[in-house]
Structures are given as C-alpha cells and as structure tokens.
Amino acid sequence: MNLPCLLDDKMKPRADLHPIRLTVDRSLQPLSMAEMVLPPEDAPVCVRDFVRLCDGFGDDEIYRVSSISEEPGLRRVVQLEHGMATLADDMLPALTYAENVQTILTRLLDMLPPNLCWAFDQTKLPWKLHLRKLPEEISCEGRLTRNISTVRVTRDASRLCTRVFPYGCGQGLDRVTLTPLLGREYIDAADTKTWGIAARTFTSDQIMDADTLKRVAERYLERHSQPTATVQLQGIDLSRITGEALDTFRLGQRFRLALPEENTVLVERIVAMHIPDVFGQPGRVTLTLANRQPALSDE
C-alpha cells in the first residue's frame, strides 16, 4: 500500500507523508473527503496543496488540503476534499449563466439517476470526468461472524409515493396535466397493492406538454414507490487473505447481505465507505448500503 504523496502544481511527487492515522470517507454523492494526522517531522503541508491518497481498497485518488489544525511540536490534523472540488473554483460568465460553477456542479454531481455515477481520471492533467453506468450484478457479499461484525437496517417510508399528481406549466384550466392522455390527473405505481395509496404532487413550469409530464411522473414513481432502505454495517475486506472476489468491497457495487437468523437476504448498493484507519486497521470499513441515493432534486 502506497504512502500518501504530496504533489506539486504539475501533479508531480514532492514528498511522501507518514500519517499517524489516515481516515477516508468515500461516497457516490457528494464528493469524497479524508483526514490525515501527521507527525511534526513530516514534510510541510499547506492549505490547497494536493495529495495523492490510497484508501487501502484499491482506489488511488488526488485530494486537496482544505484546512490544517496544528499542535506545534506534536501533530497536524489535515482535512482534505476530493480534487474534483477544484471545479468550484471558477466562475461562469454572468451573461451566459445566472449561477456560479459551484452551484451548477453541485446540482450535476447530486442529480444523477440511480444507475449512474461520476468517475474521475486523475492520472494526468487535465483530469477527466466520466459518466459511468453502475454495475447491476452482485459482486460482493457479507455474513455475520465471517466478514461483518455489526448490522443496522433502517427502512423509511416518509417520502413514499405510489400515486403522483404531476402538473406542468400554465395556470388554472390551461395548466398542463395528464388528463388529455389518461383521462385523469394522476398516475399510479405498479405496486400499490403492496404499499397502498400514498399520494403526492409536484409542479414544474418547465414541462410544456403532457407526454413529457407523463415520462417525468413515471421517473418520479421509480424513485419513490418503494420505502428507502439503508443498511450500515461494520466489516473487513478479507480478499487479501481469501483471494475471493466476493470478499472485496468497492464503492458502487451491489452487495448481498445474508442474515440467516432472520431468514433474510438483502441486496443493496454500496453508496458510502468510511475507512477509519487505512494503515492502522487495514481492511476495516463501515459500509452504507442503500436502495436509493439521496439527491437535491427528484428529477
């Protein structure tokens, strides 16, 4: 496992760093973050310096120092944000867009459909931003008493919607609705028998016709017709020992969790990984699994 490497402004190595502790919080949304505790004798690190980090799970990415808290002669606590946060440094011309890059990129980075994710290529300048399809196959597995120590499952129906009343642009009788297409103003999800009727509405002045309104309503139901399921578990990646692909944890993978005591098998996606101590506790991780990622907007 490579040590963190301090980089220059050309992304070339300047010095190796020797953290007392390195914590990494990786997530599909928003951007990942990290924290290093450095000894006083390590190379000087300044705010906005770039550091290449290995998280111990096969991901080697570049972060930028966002803040430093120092205890002179003892240690330095360095907070880092993913290097793609540099996209928020620039401004778009006011005559072209009414908002700055940070606002627009925040929306873009949080408004992805649930089967897509951003991928970053930081191997050379300029960095590249890719839109990738998330894998649908199950590629990792967890079992209590084997590679999982604790599990907490949360199901939340607070935003459940099985019947939606969508409205487009216009006012009063001139407002765009589903009535011309369906003969009614609402559309139902396929599984109303399972969860019953939970009705909600949304309005968008940007939707100008009933066909588009129907497609957006169907998309809304895809996201909200099931209760949100979130699973948080503590475990260890055993793949270094077993050589088994199913023992490897990766962000974005679909994860199968076997709970034989409850006669239950859950299959959800890894949406976040908290790696508490990359070098001190290699392989240890807290995983967050979810069937739907939170977003700033539903569409």
Side-chain angles (χ1 to χ4, degrees), residues 1-92 99-110 117-132 249-252 271-286:
M1 194 186 312
N2 294 328
L3 289 169
C5 182
L6 185 63
L7 306 174
D8 62 18
D9 57 359
K10 300 290 192 279
M11 302 299 127
K12 300 298 183 182
R14 286 170 51 194
D16 284 340
L17 300 174
H18 306 80
I20 300 168
R21 187 182 70 250
L22 171 61
T23 301
V24 180
D25 284 291
R26 303 197 65 230
S27 60
L28 289 179
Q29 301 176 20
L31 291 172
S32 302
M33 304 179 72
E35 179 184 273
M36 288 190 301
V37 179
L38 296 178
E41 64 272 11
D42 243 2
V45 177
C46 299
V47 171
R48 295 178 72 86
D49 276 348
F50 289 96
V51 179
R52 183 179 294 279
L53 297 180
C54 181
D55 66 4
F57 287 80
D59 291 293
D60 193 2
E61 296 183 306
I62 296 175
Y63 289 70
R64 185 172 68 173
V65 177
S66 57
S67 70
I68 302 173
S69 175
E70 187 170 0
E71 299 175 35
L74 295 177
R75 63 176 190 168
R76 291 165 289 166
V77 179
V78 181
Q79 304 291 338
L80 306 104
E81 56 189 355
H82 194 279
M84 281 296 172
T86 55
L87 290 170
D89 290 348
D90 203 359
M91 295 289 292
L92 291 175
E99 296 175 306
N100 62 30
V101 171
Q102 182 175 9
T103 301
I104 293 170
L105 261 297
T106 296
R107 291 180 180 177
L108 288 176
L109 292 172
D110 283 330
C117 71
W118 294 109
F120 312 114
D121 182 353
Q122 298 175 294
T123 54
K124 63 180 180 179
L125 292 174
W127 295 339
K128 295 180 181 179
L129 185 64
H130 301 287
L131 196 56
R132 304 290 193 204
F249 303 149
R250 292 290 182 272
L251 193 67
V271 298
M273 298 175 64
H274 171 71
I275 305 160
D277 192 344
V278 172
F279 297 101
Q281 301 179 58
R284 292 283 177 187
V285 65
T286 298

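Quick note: numbers below take in every heavy atom, side chains included, and nothing from hydrogens, waters or symmetry partners.
- In this structure, CG on L125 lies 8.5 Å from NZ on K10, to the nearest 0.5 angstrom.
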Subject >> From CA spacing to verdict: side chain to side chain contact (heavy atoms under 4.5 Å, CB included), L31, F120 >> reply: CA-CA 11 Å; L31 291 172; F120 312 114; 3.6 Å; yes

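- A distance-only check finds no donor-acceptor pair linking the side chain of R52 to the backbone of L6 [under 3.5 Å].
- Taking CZ of F249 as the reference point, atom CD1 of I275 lies at 11.5 Å (rounded to 0.5 Å).
- No side-chain heavy atom of D121 sits less than 4.5 Å from a side-chain heavy atom of W127.
- Between R14 and the options V51, D49, L7, a side chain to side chain contact (heavy atoms under 4.5 Å, CB included) holds for only D49.
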**OP:** Run the numbers on V78 and L38 for side chain to side chain contact (heavy atoms under 4.5 Å, CB included), then give the verdict.
**Re:** CA-CA 8 Å; V78 181; L38 296 178; 3.9 Å; yes

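- Nearest heavy atoms, C117 versus L28: CB-CD2, 4.2 Å.
- In this structure the side chain of R76 never reaches within 4.5 angstrom of the side chain of M36, judged on heavy atoms.
- By the 4.5 Å heavy-atom criterion applied to side chains, D55 and R26 are counted as neighbours.
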Subject >> salt bridge (charged side-chain N to carboxylate O under 4.0 Å, His left out) between R284 and D277, worked out >> reply: CA-CA 8 Å; R284 292 283 177 187; D277 192 344; over 6 Å; no

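- S32 approaches Y63 most closely through the heavy-atom pair CB-OH, 3.6 Å.
- Side chains of I68 and V77 form no contact here, defined as non-hydrogen atoms less than 4.5 Å apart.
- Ion pairing between a basic and an acidic side chain is recognised when a charged N comes within 4.0 Å of a carboxylate O; E70 and R75 show no such pairing.
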Subject >> Stepwise side chain to side chain contact (heavy atoms under 4.5 Å, CB included) check, D59 with L251 >> reply: CA-CA 10 Å; D59 291 293; L251 193 67; 5.7 Å; no

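- H82 places a side-chain N or O within donor-acceptor distance of the main-chain N or O of M84, the cut-off being under 3.5 Å.
- Rounded to the nearest 0.5 angstrom, C54 SG and F279 CZ are separated by 7.0 Å.
- In this structure the side chain of E61 reaches within 4.5 angstrom of the side chain of Q122, judged on heavy atoms.
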**OP:** Starting from the C-alpha separation in whole Å, work towards a yes-or-no answer on side chain to side chain contact (heavy atoms under 4.5 Å, CB included) for M33 and Q79.
**Re:** CA-CA 8 Å; M33 304 179 72; Q79 304 291 338; 5.7 Å; no

Between side-chain atoms of residues 15-23 and protein atoms elsewhere (two or more places apart, or another chain), which donor-acceptor pairs fall under 3.5 Å?
from: H18; atom 1: ND1; to: D42; atom 2: OD1; distance (Å): 2.9
from: R21; atom 1: NH2; to: E35; atom 2: OE2; distance (Å): 3.1
from: T23; atom 1: OG1; to: P276; atom 2: O; distance (Å): 2.7

